[in-house]
Amino acid sequence: MHCYKTRFPMMGTFIDLVVYHDRGEDLIKECYLQLQAFTQRFTVNQAQSELMRVNNHAGIRPVRVKPDLYALIKKSKSISVDPLNPFNVAIGPLVKAWHIGFKDAKFPTDAELAEKLQLVDPSKIILDDDYQSVYLSQVGMQIDLGAIAKGYFADRIKDFLTANGVEHGFINLGGNVLTIGYSPENISQTWNVGIQNPLATSRGDICRVVPLRDYSMVTSGINERYFEYNGQRYHHLLDGQKGRPISSNIASVTIISKLSVDGEIWSTAGFLPSIDDALFYLNHQVDIEAVLISNQGKVFITNGLTDNGRVVKYK
């Protein structure tokens with residue numbers, strides 16, 4: 001059984017794929033093409049993408065989309081309408097107003113934020129299951145799948161690889177990790193994946209190691225994308241109620257789950273005003289566990305995990 005590895009730039013980050021399979025090279029090439037197709041269809045950064053057809057017809061008419069995009073928007077809306085969490089698939093106008101992570105990031109005026117806050121109500125996304133259509137009922141609304149898309153892409157890549165007989169593999173979409181089986185090179189029969197220290201000044205400073213086997217790990221944190229204005233740092237996780245970056249004593253939320261799309265959702269949805277709020281909320285969700293790091297560097301874990309000081313393990 002051969003091991004094939006590759007790294008390539010895509011989605012503004014680097015993609016790492018590791019496949020143990022005799023046809024691994026061909027499978028990786030197909031993964032590249034699939035990711036490229038997903039990216040082109042689901043992005044808000046290309047005017048003619050499938051998602052932007054929906055956004056461009058906000059307040060005009062419903063737009064029929066392919067079943068996979070429809071299902072992802074529907075799942076995103078179901079989480080977004082819960083007022084207890086900050087996940088919001090309709091956050092697009094606020095994301096564009098700040099544009100954190102891009103060279104033209106800026107600090108919006110109060111007037112701009114007030115205007116955009118009128119456009120981020122996810123309940124105004126009208127879905128038609130029969131026609132698989134999406135209608136943004138207010139002019140200026142925009143769906144943004146940035147908080148969920150990579151997880152969905154990772155799950156689809158895993159489905160493709162396992163359907164083709166891959167029993168050991170590693171998918172990393174810019175920090176969004178999904179594993180297939182375990183690493184044949186690891187005596188513990190896991191993939192050991194590090195959690196970045198969100199308070200570190202450089203990448204590669206790992207504060208926890210999580211042993212994964214057929215599981216996903218996704219982290220959202222204040223160190224991922226940010227910009228500085230008047231000496232203050234503003235991260236990219238936005239509060240759809242206030243229009244500004246979420247104010248919290250949480251520095252990062254890491255979700256461990258079977259599906260990577262769930263990790264994407266809950267790593268954002270769990271970014272609540274305090275560690276206590278987040279632990280309570282995440283402990284009541286099914287099929288996920290979490291590692292939370294405070295802005296003081298303290299580590300907290302949900303009830304399904306044990307922590308011996310270095311490695312987080314499942315009970």
Side-chain angles (χ1 to χ4, degrees), residues 38 42-44 51 54-55 58 65 67-95 116-117 119-129 132-138 141-156 173 175-176 178 215-221 224 235-243 245-246 248 250 252-274 277-292 302 304:
F38 277 134
F42 289 20
T43 184
V44 293
L51 178 59
V54 174
N55 290 341
V65 297
D68 55 354
L69 179 55
Y70 183 83
L72 188 59
I73 292 174
K74 184 173 182 177
K75 184 180 183 72
S76 299
K77 179 185 174 181
S78 70
I79 305 297
S80 299
V81 294
D82 180 358
L84 296 178
N85 77 69
F87 183 91
N88 186 349
V89 71
I91 201 79
L94 278 176
V95 172
K116 301 305 181 186
L117 284 171
L119 302 173
V120 296
D121 183 353
S123 69
K124 293 182 179 179
I125 300 173
I126 311 302
L127 303 176
D128 187 319
D129 289 347
Q132 303 274 287
S133 67
V134 183
Y135 177 46
L136 307 184
S137 60
Q138 190 173 353
M141 289 183 68
Q142 282 206 342
I143 288 175
D144 189 317
L145 296 173
I148 190 173
K150 284 197 299 182
Y152 177 80
F153 299 165
D155 289 332
R156 298 292 74 76
L173 306 189
N176 181 316
L178 182 58
Y215 268 73
S216 166
M217 191 174 87
V218 178
T219 299
S220 290
E224 293 179 7
H235 61 76
H236 75 293
L237 298 164
L238 300 177
D239 184 335
Q241 302 297 318
K242 299 178 180 178
I246 296 168
S248 175
I250 300 172
S252 73
V253 176
T254 297
I255 300 295
I256 301 160
S257 56
K258 194 71 174 176
L259 294 176
S260 193
V261 70
D262 290 338
E264 286 271 45
I265 289 171
W266 296 109
S267 65
T268 299
F271 230 96
L272 297 177
S274 74
D277 291 337
L279 282 174
F280 181 83
Y281 186 64
L282 293 172
N283 271 320
H284 282 78
Q285 310 307 322
V286 297
D287 300 327
I288 65 167
E289 299 296 341
V291 180
L292 310 180
T302 48

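- Of all non-hydrogen atoms in Ala154 and Leu173, the two that sit nearest each other are N-CD1, 3.7 Å.
- Evaluation of the ring-ring contact (aromatic ring centres under 6.0 Å, His included) rule for Phe153 yields Phe38, Phe42 as partners, not counting sequence neighbours.
- Listed here is the closest heavy atom pair of Gly240 and Leu117: O-CD2, 3.2 Å.
- The nearest pair of heavy atoms linking Ala90 to Met141 is CB-CE, 4.5 Å.
- The shortest distance between side-chain heavy atoms of Pro122 and Val81 falls below 4.5 Å.
- Side chain of His236 to backbone of Val95: no donor-acceptor contact under 3.5 angstrom is found.
- Counting all heavy atoms, side chain and backbone alike, Pro86 lies closest to Phe271 at CG-O, 3.5 Å.
- Within the structure, the salt bridge (Lys or Arg N to Asp or Glu O under 4.0 Å) test picks out the following pairs touching residues 253-270 (sequence neighbours left out): Lys75-Asp262.
- The side-chain contact (heavy atoms from CB on, under 4.5 Å) search around Thr254 returns Ile195, Met217, Thr219, Val291, not counting sequence neighbours.
- Atom CD1 of Ile126 sits about 10.0 Å away from atom OG of Ser133, to the nearest 0.5 Å.
- Taking CG of Leu72 as the reference point, atom CD1 of Ile148 lies at 4.5 Å (rounded to 0.5 Å).
- Summarising the geometry, atom OG belonging to Ser248 is positioned 9.5 Å from atom CG belonging to Leu237; distances are rounded to the nearest 0.5 Å.
- Taking 4.5 Å as the limit, every side-chain heavy atom of Val89 sits out of range of all side-chain heavy atoms of Asp144.
- Interatomic distance, Asp121 CG to Gln138 CD, rounded to the nearest 0.5 Å: 8.0 Å.
- Under the salt bridge (charged side-chain N to carboxylate O under 4.0 Å, His left out) criterion, Lys74 pairs with Asp129, sequence neighbours left out.
- A pairwise comparison of heavy atoms in His284 and Phe280 identifies ND1-O, 2.7 Å as the closest pair.
- In this structure the side chain of Leu51 never reaches within 4.5 angstrom of the side chain of Thr43, judged on heavy atoms.
- Under the side-chain contact (heavy atoms from CB on, under 4.5 Å) criterion, Ser274 pairs with Asn249, Asp276, Asp277, not counting sequence neighbours.
- Other residues, nucleotides and ligands contribute at most 12 non-hydrogen atoms within 6.0 Å of the CG atom of Asp287.
- Atom CG in Leu94 sits 8.0 Å away from atom CG in Asn88 (nearest 0.5 Å).
- Although no hydrogens or angles enter the test, the distance criterion places no donor-acceptor pair under 3.5 Å between the side chain of Ser220 and the main chain of Val253.
- Using a 4.5 Å cut-off on side-chain heavy atoms (C-beta onward), Leu145 and Leu69 make contact.
- Within the 4.5 Å cutoff, no side-chain heavy atoms of Val218 are placed close to those of Trp266.
- Ala290 pairs by the side-chain contact (heavy atoms from CB on, under 4.5 Å) definition with Ile255, Leu282, Leu292, Thr302, not counting sequence neighbours.
- By the 4.5 Å heavy-atom criterion applied to side chains, Ile125 and Leu136 are counted as neighbours.
- Rounded to the nearest 0.5 angstrom, Leu259 CG and Leu178 CG are separated by 8.5 Å.
- Closest heavy-atom contact between Ile143 and Val44: O-CG1, 3.4 Å.
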